[in-house]
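Take a look at the structure below.
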Amino acid sequence: MSMFCYQCQEAAKGTGCTIRGTCGKTGDTAKLQDLLIYTLKGISIYCVKARAAGIEDHRANQFIVESLFSTITNANFDDRVFTEKIKEGLELREEIKEKLLKNTGAAEQNLHDAALWNAQTLEDFYQKAEKVGVLSTGNEDIRSLRELLIYGVKGMAAYVEHAHVLGYGDDRLHAFIQKALAATTDDAKSVAQLVAMVMECGKYGVDAMALLDKANTTTYGNPEVTQVNIGVRQNPGILVSGHDLKDFEELLIQTEGAGVDVYTHGEMLPANYYPAFKKYKHFVGNYGNAWWQQGKEFEAFNGPVLITTNCLVPPKGTYKDRVYTTGVVGFEGVNHIANRTDGKPKDFSAVIEHAKACTPPTEIERGAITGGFAHNTMLGLADRIVDAVKKGAVKRFFVMAGCDGRSKDRDYYTEFARKLPENTVILTAGCAKYRYNKLDLGYINGIPRVLDAGQCNDSYSLVLTALKLKEAFGMEDINELPVSYNIAWYEQKAVIVLLALLYLGVKNIHLGPTLPAFLSPNVAKVLVDSFGIGGISDVEQDMEMFMG
Ligand code: FSO
Ligand code: SF4
């Protein structure tokens, strides 16, 4: 076995990737990612102690969050990045150790190896990585809970990083992330204690999404109901994918008057809903679909593509020279736009110059799709929605948020949406929407039957909508609402969204297309028994179950 990774829905054979990732990650990259996580655990052990002594290390906080984000599925495939991060992490760990020693005057005793090990060469890194990966935890249930916790904080880190870029932060989130990472090295932690920590992770997940929501809406305004153009214009274009709105804004500013158009792809689609971006005349609309379709869509786009976060698919040679990564994203041999320094914007001039020399995008479709149903819009529609429910025009809401992926099984979601009775409404967020957002599902009392709140992090908006409905109907419990949860997951941001929903008391969530490989039978049983979590079967059977 040259690697072991089971963090996403595409884990090979539903158990784990052992030779090469389905995502394209090599065994070497997987090992370096394992070692980086181990390094972060060591730093966290010290950060927890330093915090208790009154020392908050902001550089460590930021390093941990960015490093976690870089190990999320489809974010970074560049071994040099991980090697550098491990080296930097080891130095950082020693710095915090020194600070702590100065402060307390006594060296720490009996520390876990994660806080002690050291190595310099790449060869030593690989050797060490073999001993500290996922399978180094022997007990299947402890391993499952440790990994569930790690994937939860990876997702949380992504949202914390997006908020940070916009100038929003909360040290309590860093404190929890580090406490969780350190806890995964503590052999004294029981199954029950780890379960409690996983639930606590959900609480901080809600806080992280609320923080990001505040950052996004304060900076760019509340998303508005928008008809998003999915056709093309005649100028050369730049396509922007991923979730980072700050990158998007800076690119829009720098392309003004350049004779180059800007389009969104995948999870950047919701940028179309923000008032702050609507003023840019060269912002055309959305091109294409969810991340996994990027091969053929980037090819047809003809111009440069900027990937601000996951999901990046290893680029084909035919368009690789047109791909630009930035932030935590990376791929060997692909152009990378450097981070901001001294508060100055990123420099996208290379992407813009590249675009000018390209032919305009090939048209792949025409028309428009509707979105912008985040919590503020929903608040404005609340009376109409409550009325529609009371009069029986809406019988049930289906939360179908989450992710899309390349597996054929995901056709289920298109068929499920198509076959839903006409008196039902889909609430969505994340790239899962592409499975049904171009179907003509019609309207109920002027309200579309597919209500898109935004990116996966905007699942927070869906929760606020559910809480508002609970209040409007005078209900005690969110589970009394006529809402069913049929959620599609793919990577670790979906894990934090799920844990956040569980923390808020949402029961009977169905998760597909398959349950996570990292849930051991016993851990899965805890989730089934306590929260009624279930999988999916076939469309007819599930429809009957949900509507029944
Ligand atoms: Fe999708 Fe990828 Fe947003 Fe994920 S583009 S799969 S859950 O990164 O983050 O929904
Ligand atoms: Fe496999 Fe997913 Fe891990 Fe990639 S991220 S190696 S596809 S489990």
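Every number for a ligand or one of its atoms is a count from 1 in the order of the listing.
- Phe69 has its ring centre less than 6.0 Å from the ring centre of His162.
- Between the side chains of Tyr168 and Asn216, not a single donor N or O lies within less than 3.5 Å of an accepting N or O.
- The stretch residues 309-338 participates, sequence neighbours left out, in these ring pair (Phe, Tyr, Trp, His ring centres under 6.0 Å) pairs: Phe77-Phe331, Phe298-Tyr319, Tyr324-His354.
- For Asp458, there are no salt bridge (charged side-chain N to carboxylate O under 4.0 Å, His left out) partners at least two apart in sequence or on another chain.
- Atoms of ligand 2 found under 4.0 Å from any heavy atom of Met3 (numbered from 1 in listed order, with element): 6 (S).
- Note on Asp78 versus Arg80: salt bridge recorded, some NZ/NE/NH1/NH2 to OD/OE distance being below 4.0 Å.
- If you look at atom 4 (Fe) of ligand 1, the protein N, O or S atoms less than 2.8 Å from it are Glu491 OE2.
- Each of Tyr436, Tyr485, Phe416 was evaluated against Phe398; a single residue qualifies, Phe416, per the ring pair (Phe, Tyr, Trp, His ring centres under 6.0 Å) test.
- Residues Leu501 and Tyr503 are not in side-chain contact: their nearest non-hydrogen atoms beyond the backbone lie 4.5 Å or more apart.
- Around atom 2 (Fe) of ligand 2, the protein N, O or S atoms closer than 2.8 Å are Cys8 SG, listed by chain and residue number.
- By the 4.0 Å N-to-carboxylate-O rule, Glu491 lies too far from Lys154 to be salt-bridged with it.
- The pair Lys128-Asp34 does not meet the salt-bridge criterion, since no charged nitrogen lies less than 4.0 angstrom from a carboxylate oxygen.
- The shortest distance between side-chain heavy atoms of Thr184 and Lys41 falls below 4.5 Å.
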